Amino acid sequence: PPPLLTHPATTEIYTEDASSAASDVYKRQGLRSGGKSGNGTSDLQRGNMAPSQDVIDKVLNCIDSDELIKLTADLVKINSVWDPVAGTSEQIAADHAVRWADRQGFKVQQEDVAAGRPNVIISWHAGPGGRTLMFEGHTDVVTPGDISAWRYDPFGAEIVGRRMYGRGTNDTKGNLAAMLIAMAALKRSGVNIGGTIIGGVLCDEEDQMLGVRNFIDQGHADGISGAIICEPQDGLICTRQKGALRAQFMVRGRMSHGAMPLAGLNTAPAVASLITDLHKLETEAVERSGRDEHLGWPSFTPTVIQAPARGVPQLNVMPGEAQVLVDIRTIPGQSHHDIKSKLSALATTIETQTRGDYEKYDRMLNQDRLRDLKIAVEILTDRPCTLTERDDPLVAAADWATRKITGTEPIYAGVPGATDGTFLWALKNIPIVTMGAGDRQVAHQMDEWVNLDQLIETAKIYALAALYYLWPESNEE
């Protein structure tokens with residue numbers, strides 16, 4: 001495999017050729033199945049291997065809806081925003097998960113990733129079998145922002161009708177609770193399944209994904225044959241995720257008084273050209289790659305345009321430095337390596353063009369000054385697209401479980417952003433499926449909510465997906 005690189009500013013891990021591999025995977029059927037599809041026949045075609053209705057009922061009867069709602073509420077009431085100034089972190093939520101799992105008789109490990117930021121690894125070896133299934137959910141939540149703008153207490157877990165409101169109800173404490181309840185139901189039911197279930201209750205999904213990276217570094221991902229990423233996907237089965245490539249353009253000119261701009265070198269023309277040409281790169285990507293049926297269009301989005309890059313802006317001061325941050329989201333067929341080359345070329349081209357424009361302008365004014373404008377580009381994040389093939393046993397299990405619980409044809413989709421599953425897939429070749437309760441548009445919004453009926457349904461789907469995936473007759477590898 002290609003070497004792992006660590007970005008010095010963000011400690012973001014990425015593979016030098018990850019994006020190329022992500023592009024190639026769509027051309028090589030079954031690469032990310034890790035050979036786990038056997039002869040290529042879907043488990044759905046082996047009806048004799050599915051658990052009986054009696055077995056299914058035993059598992060479902062062990063799912064306590066009230067217990068699920070209480071566990072969700074208990075987690076939501078814990079402010080687990082990572083905020084060193086306010087003194088909040090994932091610690092209390094992790095401690096709560098540890099106490100709950102201990103009471104269920106699971107094996108539990110708590111490991112500090114950083115101060116106040118632990119991972120909790122909950123495991124249960126159900127019996128002999130070749131597969132290890134991971135459920136993954138995270139304890140951190142994003143800031144509620146201006147609490148006065150909320151109609152409901154963001155840490156109140158208030159129930160109105162069949163909705164629970166609060167930060168994390170949707171993303172993703174509700175689904176975290178659902179996966180834990182699903183694990184407990186399988187254990188309580190006494191049904192005969194083989195293999196191991198691991199519940200990864202991880203920290204820092206919302207920022208640098210330190211939790212999943214530490215989970216991998218500590219060897220906990222070794223041997224995992226499939227992972228269900230428990231995120232709000234509104235009941236969809238997501239077998240692919242967009243890639244993410246984030247870059248910083250730093251433009252350096254010279255500061256001057258706003259009344260005497262010729263005494264400095266303004267960065268604004270270069271910034272304007274960057275924004276225009278980034279849109280051209282997006283247009284080219286759209287024309288070349290088209291629209292992915294599950295992920296939509298590729299995008300090159302300038303998200304931060306800041307001058308001065310540091311310090312306080314003033315109307316009568318021409319900044320000497322500016323930065324442009326761009327959030328690039330990719331789909332199959334795009335090469336991150338090629339995109340990075342284009343970003344580097346863009347910086348060089350605009351630097352040369354802007355210097356040339358200043359030279360012409362200065363000649364017109366008979367002005368002599370140093371025209372040493374510089375543009376540098378730095379890659380902050382490189383996360384590849386992910387794909388789990390439809391014939392992978394994990395996808396078959398998610399499909400079967402969804403059909404059993406909903407009685408409807410599953411809808412397949414893609415995740416528009418990255419998740420902890422990105423690292424499991426890219427670094428450990430683990431097939432992933434992302435699924436869970438919650439409207440995808442509600443995450444990170446004010447008055448975040450989850451539908452309790454869908455949450456209960458999700459716990460049942462998680463339980464049956466694990467049952468099917470670890471069912472002994474289809475679990476000999």
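This chain uses plain numbering: 1 for the first residue, then up along the sequence. It should be emphasised that the depicted structure is a prediction, and the values quoted were computed from it without experimental measurement.
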- Please assess Thr72 against Leu68 for the test side chain to side chain contact (heavy atoms under 4.5 Å, CB included), listing each intermediate value before the final yes or no. CA-CA 6 Å; Thr72 300; Leu68 170 59; 4.0 Å; yes
Whether [Y] and [X] form a salt bridge (side-chain N of Lys/Arg under 4.0 Å from carboxylate O of Asp/Glu) is what I want to check.
{"X": "Arg117", "Y": "Asp112", "result": "no"}
{"X": "Asp392", "Y": "Arg390", "result": "no"}
{"X": "Arg151", "Y": "Asp447", "result": "no"}
{"X": "Asp222", "Y": "Lys428", "result": "yes"}

Neighbour count above 12 (heavy atom, 6.0 Å) for [X] [atom1]:
{"X": "Ile411", "atom1": "CD1", "result": "no"}
{"X": "Gln53", "atom1": "CD", "result": "yes"}
{"X": "Ile159", "atom1": "CD1", "result": "yes"}
{"X": "His279", "atom1": "NE2", "result": "no"}
{"X": "Lys187", "atom1": "NZ", "result": "yes"}

- Side-chain contact test, heavy atoms from C-beta onward, threshold under 4.5 Å: evaluate it for Leu470 versus Ile197 and give yes or no. yes
- Message: Any heavy-atom pair between the side chains of Met179 and Ile228 that's under 4.5 Å?
- Response: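 With C-beta onward as the side chain, the pair stays apart.
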- Could you check His336, Gln248, Lys340 and say which one makes a side-chain contact (heavy atoms from CB on, under 4.5 Å) with Ile379? Lys340
- For Leu71 and His96, what are the C-alpha separation, side-chain angles and deciding distance, and is it a side chain to side chain contact (heavy atoms under 4.5 Å, CB included)? CA-CA 9 Å; Leu71 180 56; His96 189 84; 3.9 Å; yes
Between [X] and [Y], a side-chain donor and acceptor under 3.5 Å:
{"X": "Ser52", "Y": "Asp54", "value": "no"}
{"X": "Gln218", "Y": "Gln109", "value": "no"}
{"X": "Lys173", "Y": "Ser80", "value": "yes"}
{"X": "Gln454", "Y": "Asp234", "value": "yes"}
{"X": "Glu457", "Y": "Thr406", "value": "no"}
{"X": "His294", "Y": "Asp292", "value": "no"}
{"X": "Glu90", "Y": "His138", "value": "no"}
{"X": "Thr419", "Y": "Glu205", "value": "no"}
{"X": "Arg440", "Y": "Gln233", "value": "yes"}
{"X": "Arg188", "Y": "Gln104", "value": "yes"}

- Regarding Arg131 and the six-membered ring of Tyr469, is the cationic atom NZ or CZ under 6.0 Å from the ring centre and inside 45° of its axis? yes
- Task: Could you tell me whether Arg167 sits above the aromatic face of Phe155, with NZ or CZ closer than 6.0 angstrom to the six-membered ring centre and within 45 degrees of the axis?
- Result: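 Because its charged atom misses either the 6.0 Å distance or the 45° angle limit, Arg167 does not stack over Phe155.
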- Item | side chain to side chain contact (heavy atoms under 4.5 Å, CB included) assessment of Thr381 paired with Leu245 | CA-CA 5 Å; Thr381 301; Leu245 187 63; over 6 Å; no
- Describe, in one word, how the ring planes of His220 and Phe215 are oriented to each other, choosing from parallel (under 30°), tilted (30 to 60°) and perpendicular (over 60°). tilted
- Any chance you could lay out the side-chain hydrogen bond (donor to acceptor under 3.5 Å, both in side chains) test for Asn175 and Thr172, step after step, and finish with the verdict? CA-CA 5 Å; Asn175 291 306; Thr172 196; 3.3 Å; yes
Minimum-distance pair of heavy atoms, taken over all atoms of [X] and [Y]:
{"X": "Leu186", "Y": "Ala466", "result": "CD1-CB, 3.5 Å"}
{"X": "Ile56", "Y": "Pro51", "result": "CD1-O, 3.9 Å"}
{"X": "Val201", "Y": "Leu180", "result": "CG2-CD2, 4.3 Å"}
{"X": "Glu448", "Y": "Val442", "result": "CA-CG1, 3.8 Å"}
{"X": "Ser89", "Y": "Trp82", "result": "CB-CE3, 3.7 Å"}

- Task: List the steps and the verdict of salt bridge (charged side-chain N to carboxylate O under 4.0 Å, His left out) for Asp399 and Arg403.
- Result: CA-CA 6 Å; Asp399 188 298; Arg403 292 173 189 271; 2.3 Å; yes
- Candidate list Gln241, Arg383, Lys242, test side-chain hydrogen bond (donor to acceptor under 3.5 Å, both in side chains), partner Thr422, passing option: Gln241
- Stepwise, does the salt bridge (charged side-chain N to carboxylate O under 4.0 Å, His left out) test hold for Asp74 with Lys70? CA-CA 6 Å; Asp74 288 345; Lys70 183 181 185 304; 2.8 Å; yes
- Query: Can any side-chain N or O of Thr88 pair as donor or acceptor with the backbone N or O of Val81 at less than 3.5 Å?
  - Reply: yes
- Determine, stepwise, if the pair Gln208 / Asp204 fulfils side-chain hydrogen bond (donor to acceptor under 3.5 Å, both in side chains). CA-CA 6 Å; Gln208 296 299 318; Asp204 191 45; over 6 Å; no
